[in-house]
Each structure stands twice: as structure tokens, then as C-alpha cells.
Student: 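The following block contains the structure, expressed as C-alpha cells.
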Amino acid sequence: MQQEAVFCTEGPLLVLAGAGSGKTRVLTHRVAYLIEEKEVNPWNIMAITFTNKAAGEMRERVDKLVGFGAESIWVSTFHSSCVRILRRHIEALGYSTSFSIYDTDDQRTLMKQVFKTLDVDTKQLKERGALSAISSAKDKLIGPEEFLLNATGDFRQRRIGEIYQEYQKQLKKNNAMDFDDLIVKTVELFQNNPDVLSYYQERFKYIMVDEYQDTNLAQFKLISLLAAKYKNLCVVGDDDQSIYKFRGANIENILNFEDAFPGARVIKLEQNYRSTQNILNAANGVIRHNRGRKDKTLWTANSEGTLVHFKQFENARDEADYVARQIRDSGFSYQDQAVLYRTNAQSRLLEERCIYYNVPYRLVGGVNFYQRKEIKDILAYLRTIANGVDDLSVLRIINVPKRGIGATTMGRVTIFASEHGMSLYDALKAARQVPGLGKAAAKIEAFVGQIDSFKVRANSEDFTIQDLIEGILDETGYRQELEAEGEIESQTRLENIEELVNKAVSYEQDSEHPSLDEFLEQVALVADIDNMDESENRVTLMTLHSAKGLEFPKVYLVGMEDGLFPSMMSITADDKSEIEEERRLCYVGITRAREELVMTSARQRMVNGETRYSKPSQFVEELPASAVEFDRLEPALSGYGGFGGGSGSAGGSGRKTDAYADDSLPWNQGGMKAQPKAEGRGFGSSHNPYASRNTAPAPASKPAFGKAFTVQKQSSLDYGPGDRVSHIKFGQGTVKSVEDGAKDYEVTVEFDKAGQKKMFASFAKLKKI
DNA sequence: TTAGCTAGTGTTTTT
DNA sequence: CACTAGCTAA
């Protein structure tokens with residue numbers, strides 16, 4: 001069947017590929033076959049994947065197969081593809097090529113402004129709500145006008161329509177697009193410019209789409225347009241693995257493919273080469289409870305393997321404890337194991353226990369590196385330099401670092417800008433003409449002068465992005481402000497910025513024609529999973545969603561509880577199909593496992609500050625008894641936990657639960673010294689994604705907090721009170737006093753120019769002179 | 001203008 | 001519980 005799919009190169013083709021049936025293999029071999037046997041120019045092949053990571057892997061694998069030409073295949077995600085196209089043709093839509101891409105945070109900021117301009121009552125309508133309504137409209141290619149037409153009766157809908165209109169207006173004014181726009185605008189471009197469309201139709205004679213079940217209507221339209229001429233479209237997907245309905249994925253795209261593309265061939269890949277018989281039986285047992293799926297049965301010639309293990313615990317801490325110990329003792333190497341959960345919040349306890357048992361881990365997801373305040377600040381500078389009319393970015397940095405330009409001043413400038421129909425930045429340039437600014441005008445002029453000088457440099461021949469970022473750090477005083485804070489957190493921020501610089505450097509090395517625009521775009525479109533470094537021997541912790549497309553010899557599915565997985569939302573929803581999506585998610589989780597699968601649940605768990613009691617997930621009950629070994633707790637006092645006459649005995653939970661009354665703080669436990677939080681959010685948020693993001697150190701001994709705490713306290717200082725020292729920013733000065741703190745020396749220095757400063761020794765890097 | 005505090009809010013999953 | 005918007009005081 002795989003071979004048949006590879007050889008079927010002409011015309012529309014739907015490959016229904018069950019989990020682990022080798023669809024990536026089919027795709028890569030198909031590309032290779034097109035190039036080598038059909039003598040198709042690699043230039044004419046387009047492959048769309050779900051993540052940049054998948055795109056990279058695909059290119060790599062094709063590269064190994066064909067030996068030449070793989071680099072000219074167009075392999076990327078929907079979003080990246082669209083940006084590439086838009087950068088070339090966007091002017092046809094009235095934007096300029098250096099448009100900004102707004103992420104979720106930017107969207108919210110913009111929406112707040114929209115709410116202000118339209119005077120929307122946030123009691124009636126939330127920014128989030130409006131944004132999600134708009135997003136789902138965009139997924140369906142419904143523009144503001146059509147939205148308003150459809151909303152005649154409903155007041156709320158009408159209001160959202162107005163908001164939608166204004167939101168788009170402001171995006172356009174900022175020369176910016178949100179994620180959804182990238183797709184929508186590309187479709188618009190193709191529809192309004194037949195010559196452009198025809199160019200890409202000629203270019204992409206062969207199109208392949210991976211994870212087709214997760215495409216939305218806009219994406220479907222995009223592909224249909226591109227493939228309309230040659231119709232050599234091969235889509236690969238599995239309706240049972242559709243897990244992105246909340247993001248607009250339309251399962252109909254796969255179910256109705258044959259109607260949309262008449263004459264389409266359908267090939268099913270039903271043999272699973274990945275998992276053991278027992279794991280597959282467990283997966284099939286669960287998924288067969290779904291209705292409205294394409295009929296198929298996954299089978300395998302693999303051995304039976306060990307039984308799937310389900311184990312229930314008294315509380316979430318016991319669960320995490322067990323899993324961490326299992327990972328350590330299972331005999332599988334760390335990189336061959338993964339812990340999958342429904343919500344990111346569950347990672348915290350797992351991290352804590354991994355640290356406790358010295359289990360090295362890598363965390364995928366959580367707070368994105370690019371969402372960090374300091375990173376967003378620097379990026380906002382870069383955007384301001386690249387895209388002169390991005391008001392949102394200007395607003396973000398105008399007073400960062402502090403320049404004494406506050407809300408009152410900016411309010412006046414904003415009014416002036418809108419009265420004269422100019423961008424915020426242009427209004428700042430004309431600060432002298434803005435009424436009522438007083439002393440602030442001079443401050444603004446200094447800011448504008450700096451930015452303009454950066455702009456000049458950015459356009460000069462031999463500038464590098466690295467220079468630009470370093471320049472921003474030094475000349476605006478951003479670095480100095482952070483250093484002066486002298487907090488460990490400040491240092492983490494600086495390190496994160498250094499990481500961004502590294503990213504910029506490697507980008508400039510890798511890219512053929514590096515540009516600031518392209519760098520910003522790459523940075524905007526990274527997914528959590530893209531940064532997963534598999535070279536290190538660590539266990540992976542991530543959400544079920546992130547795990548899609550991956551496989552591991554041993555998998556732990558944790559938090560198998562009703563109300564958590566399936567989520568409460570899906571249980572209480574009127575729409576029955578929401579449970580089905582959760583079930584597919586469960587199916588995805590189970591089928592990630594190759595050899596061993598452990599599922600766990602906790603009777604008691606802290607959720608949003610309150611203890612919640614739950615019984616095992618209904619999906620656990622759907623597991624076929626023959627493939628699973630159940631290890632449930634005795635039923636508790638009536639009401640909670642367990643189901644029916646629980647088999648098996650209460651294993652491993654004769655522990656004193658009250659001992660964990662305060663199980664929330666990882667510090668102060670297991671003999672670890674109390675540590676300050678690296679950031680306000682505690683676990684799972686600090687550090688960078690490249691070197692040591694959210695990872696415990698592999699060796700046992702070091703304090704287990706990755707980069708933020710690797711500052712080594714020097715055993716002694718080579719200077720003391722009275723000595724003359726020099727500091728990279730503050731110049732020379734005299735040491736007043738040295739305090740020996742727990743983590744570091746705190747040094748007070750009277751600088752000749754900068755006055756008296758207090759700072760941490762390892763951070764300040766003072767030199768004795 | 002800014003820092004710091006308080007009260008309110010929302011909590012699935014993500015390109 | 002964790003974050004954040006908005007208010008208050010300096």
C-alpha cells in the first residue's frame with residue numbers, strides 16, 4: 001500500500017494513513033520517486049507540513065534519498081509558505097513588504113485599543129471572546145463585511161462584526177497581520193490576481209499536504225487554488241487524529257475530499273509498524289467509540305508486547321513521583337521516554353519530581369521563549385526599525401527603558417497622530433508640533449534620533465542583526481537598566497537576549513540573503529516543538545497536542561481523569577462531538593508508544609488553587625481488558641474515585657497524604673536550599689529553549705535549576721572594601737562594602753561618575769585595578 | 001510619572 | 001493559583 005501511494009503521482013490522491021503506518025515514509029519516498037523516476041524538477045514540488053520541525057526532517061530524509069535537489073523543494077508550514085508568498089506580492093493588497101506578524105499577545109494588545117476606540121463594554125464582551133470569534137470567522141474565510149451581513153438580528157454578533165472591522169482596519173494601519181491573516185490574505189491575493197495565482201500554479205505542479213485532517217477551510221481553499229490547474233495533489237491524513245478543531249480544523253476536508261476532487265484515488269494504510277499488539281488494541285478499543293469516522297482498522301504484525309499498565313494514585317503528587325521513578329528505573333534510556341499530559345499546568349509537579357530524582361528532562365511548550373518580556377521588547381525595537389508604521393511596537397518600547405515618556409504624553413501624541421492621519425512614529429518625529437508636550441518633546445526627540453540612527457545602520461550594507469541588537473542594548477540603556485537592577489532575574493533576561501543574539505547570528509550564517517524582515521518572520525512562526533533538541537539524553541515532557549507526529553519506545557499518559565482528560569469543557573458542552581475530539585487526542589497519545597505504555601490517574605489533584613476529586617477517565621474504561629493491567633485504588637468513601645468494584649488492590653498509596661498538604665513548593669524539599677524564583681511564574685517558564693530551557697541538569701549534583709541559577713558564587717573575591725575597581729558600564733569606583741550573601745556577594749561601590757551602586761559580584765564582573 | 005499594592009479574572013489544546 | 005489591570009500614593 002505504501003508503494004502504491006508512492007507510485008500514484010498524477011491526479012488527486014487521498015492517503016488515509018493510520019497512526020504509525022509510515023506516512024512520512026510514503027511522503028518522502030514519493031518526493032524522491034518524483035524527482036528520480038519521473039524526472040520532476042524539485043523546484044516544482046511543494047510539501048506542506050504541520051510544523052517547521054517536520055519540514056526540516058522531511059527535507060533531511062529526502063536529501064538522503066535523492067542526493068541532489070532536495071534543497072530546492074518547497075517544504076514548509078502553511079504559515080511560512082504564505083509569508084514567503086506575501087513578502088513578494090503583498091503590495092497588491094495595499095500592505096508594504098515589511099509587514100509585521102502579530103502573535104497572540106500582540107493581538108490582545110491591539111484588541112484592547114479597538115475596544116477603547118469603539119467604547120466596548122468589557123462586561124458584555126471580552127477581548128478574548130472577540131478575538132476567538134474573529135479567528136474562527138477568518139478560518140472560514142468570512143471577512144468583516146460578510147460577518148456583519150450575517151449578523152443582522154443578533155446584537156452581540158453585530159457588535160463583534162464592528163469590532164472585527166475596526167480590528168482589521170487597525171492591523172492594516174500598523175501594516176501588520178495576525179496568524180490567520182497570513183492564510184486569508186494569501187487566498188485573497190490569489191483570488192484577486194490571476195497572474196500571481198497562475199505563476200504559483202505553474203511553479204507547484206506537485207503538491208503534498210501532511211496532517212491534512214487538521215487543515216481549516218481557508219487552508220483548504222488555498223490548496224485548492226494552487227492545485228486547480230494540474231490537480232496533482234496528494235493529501236495525507238488520519239481523521240482519527242484530528243485534534244485541532246478548536247483552531248478551526250475542519251474534519252470535513254478529509255471526509256469530503258473525494259467530492260471536492262472528483263476522480264480522487266483513495267489509498268488506506270492500515271498496517272501499523274510502530275506499536276505492539278497490546279498498545280494497538282488499546283488504541284483501537286478507545287477510538288471505536290467515536291462515530292462519524294472513516295472505516296478502517298489498524299493492525300500490526302508486531303509482537304504482543306507487554307500489557308498496557310493503568311495505575312491510579314491517591315493524589316497528583318504520588319502520580320508524578322511514581323512516573324519520575326519509573327523513568328529512572330525503567331531500563332529505557334531517557335530520550336526513549338515521554339510523559340504526555342492534557343494541560344501544560346500538569347508539567348509543574350512532574351518537573352519537580354524529576355528534579356528530585358535527578359531525572360534529566362526537556363519540557364516542550366509552556367511559555368514560549370519568544371513571549372518573554374525582554375525578547376518581545378527587543379523584537380519590538382527591531383520591528384519599529386523594520387516597519388515604520390507598526391504603532392503597537394513603538395508604543396511598547398517608547399518608555400522601555402524608562403525615558404520619562406508616560407501615558408499622558410503618549411496620549412497627546414496619539415491624538416495628534418490620528419488627527420493628522422499619520423503613524424505614531426511620524427507623529428513622534430513631529431513632536432515639537434504636538435501641543436502640550438513641554439519637556440517631554442525633547443525626550444521624544446532623543447528617542448526618535450536613536451531609532452533613526454538604527455534605521456540608517458539597518459539599511460547599510462555591512463550591518464548584522466547582531467550588531468543591531470547589541471546597539472539597541474547599549475545605546476538605549478536597556479542593558480544598563482537590567483544590570484542596575486542587579487537581580488538574578490535581570491541576569492536571566494540578559495541571558496535570554498544573548499540567546500536571541502545567538503539565534504540571529506546563526507540565522508545570518510544559514511540564510512542566503514539575510515534580512516531583518518526575514519529574521520523577524522522566522523522568529524514569529526516558531527512552534528514550541530520546533531526547538532526540541534533530541535540530541536541530549538533527556539525524557540520529554542509535553543502536551544498531547546505537541547506529541548502529534550512523534551513516537552517513543554515508552555510513553556506515560558498521565559492525568560487520565562474525568563474532568564481533566566476529557567476536559568470539563570468537553571464533558572459539559574452541548575456538542576457531543578467535543579468528547580470525540582478528546583477521544584481522538586487520547587488515541588493520538590496511545591499510538592505514540594512503540595513498546596510500553598503506562599497510563600495514570602490521580603484521585604485528588606489541585607486545579608486552579610482548589611483540590612479536585614475525580615474518577616479515572618472514561619477513556620480508561622474503554623480500554624480492552626485483555627490488553628491492559630489495571631491497578632486501581634480501593635473505592636473511596638462513597639462518591640469519589642474508582643469505579644465499581646475496583647479490581648486490584650491499592651498499590652503504592654499507603655502514603656500519608658497529609659504530609660503533602662503543602663506540596664506546591666518545590667523549594668524547601670528534598671534537601672534543596674530555598675531558591676528565589678527565576679521569574680514570577682515559578683516552574684516551567686524561565687530559561688531559554690536552546691541550551692537548557694526548562695531542563696534539569698543531567699549530572700546529579702548541581703542545583704537543579706538550569707541556567708538561571710548556574711551563577712557560580714566565587715569562593716572569594718580578589719577585591720575588598722577600599723579597593724579601586726572598574727565596571728563595564730559604570731566605569732571606575734571605590735568599593736564601599738562587601739556583604740557575603742547566601743548565593744552571592746553583594747558589593748557596594750561608589751563610582752566616580754555613576755554614583756553609588758549595589759550589585760551582585762558574579763553579575764557585575766568587577767575588575768580590580 | 002512611576003512603583004507598589006489590591007482586587008478582579010480566568011484557566012485546554014496552538015500555527 | 002497566577003496573572004494583570006487599575007488605582008493610589010509619593
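In what follows, chains are A, B, ... by sequence order, proteins preceding strands, each numbered from 1.
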Student: Answer yes or no: does a side-chain N or O of A/Asn344 lie under 4.0 Å from OP1 or OP2 of B/dT11?
Tutor: no

Student: Just how far, in rounded Å, is C1' of B/dG10 from CD of A/Glu127?
Tutor: 13 Å

Student: Would you tell me if any nitrogen or oxygen in the side chain of A/Arg128 comes within less than 4.0 Å of OP1 or OP2 on B/dT11?
Tutor: yes

Student: Please work out if A/Ser570 contacts a base, only the sugar-phosphate, or nothing of the nucleic acid, heavy-atom cut-off 4.0 Å.
Tutor: nothing

Student: Output yes when at least one side-chain N/O atom of A/Lys126 is less than 4.0 Å from OP1 or OP2 of B/dT9, else no.
Tutor: no

Student: Is there a donor-acceptor contact under 3.5 Å from the side chain of A/Arg84 to the main chain of A/Ser76?
Tutor: no

Student: Compare the ring of A/Phe246 with the six-membered ring in the base of B/dT14 and state whether they stack (centres under 5.5 Å, planes under 30°).
Tutor: no

Student: Using only side-chain N and O atoms of A/Lys443, determine if any of them is under 4.0 Å from OP1 or OP2 of B/dT1.
Tutor: no

Student: Closer to the 5' end of DNA chain B via nearest nucleotide, is it A/Glu582 or A/Gly404?
Tutor: A/Gly404

Student: Tell me the interatomic distance from A/Gln213, atom CD, to B/dT14, atom C1', rounded to whole angstroms.
Tutor: 15 Å

Student: Between B/dA3, B/dT15, C/dA5, which one does the side chain of A/His79 approach most closely?
Tutor: B/dT15

Student: Closer to the 5' end of DNA chain B via nearest nucleotide, is it A/Asn399 or A/Thr343?
Tutor: A/Asn399

Student: Between B/dT13 and C/dT4, how far apart are the two P atoms, rounded to whole Å?
Tutor: 15 Å

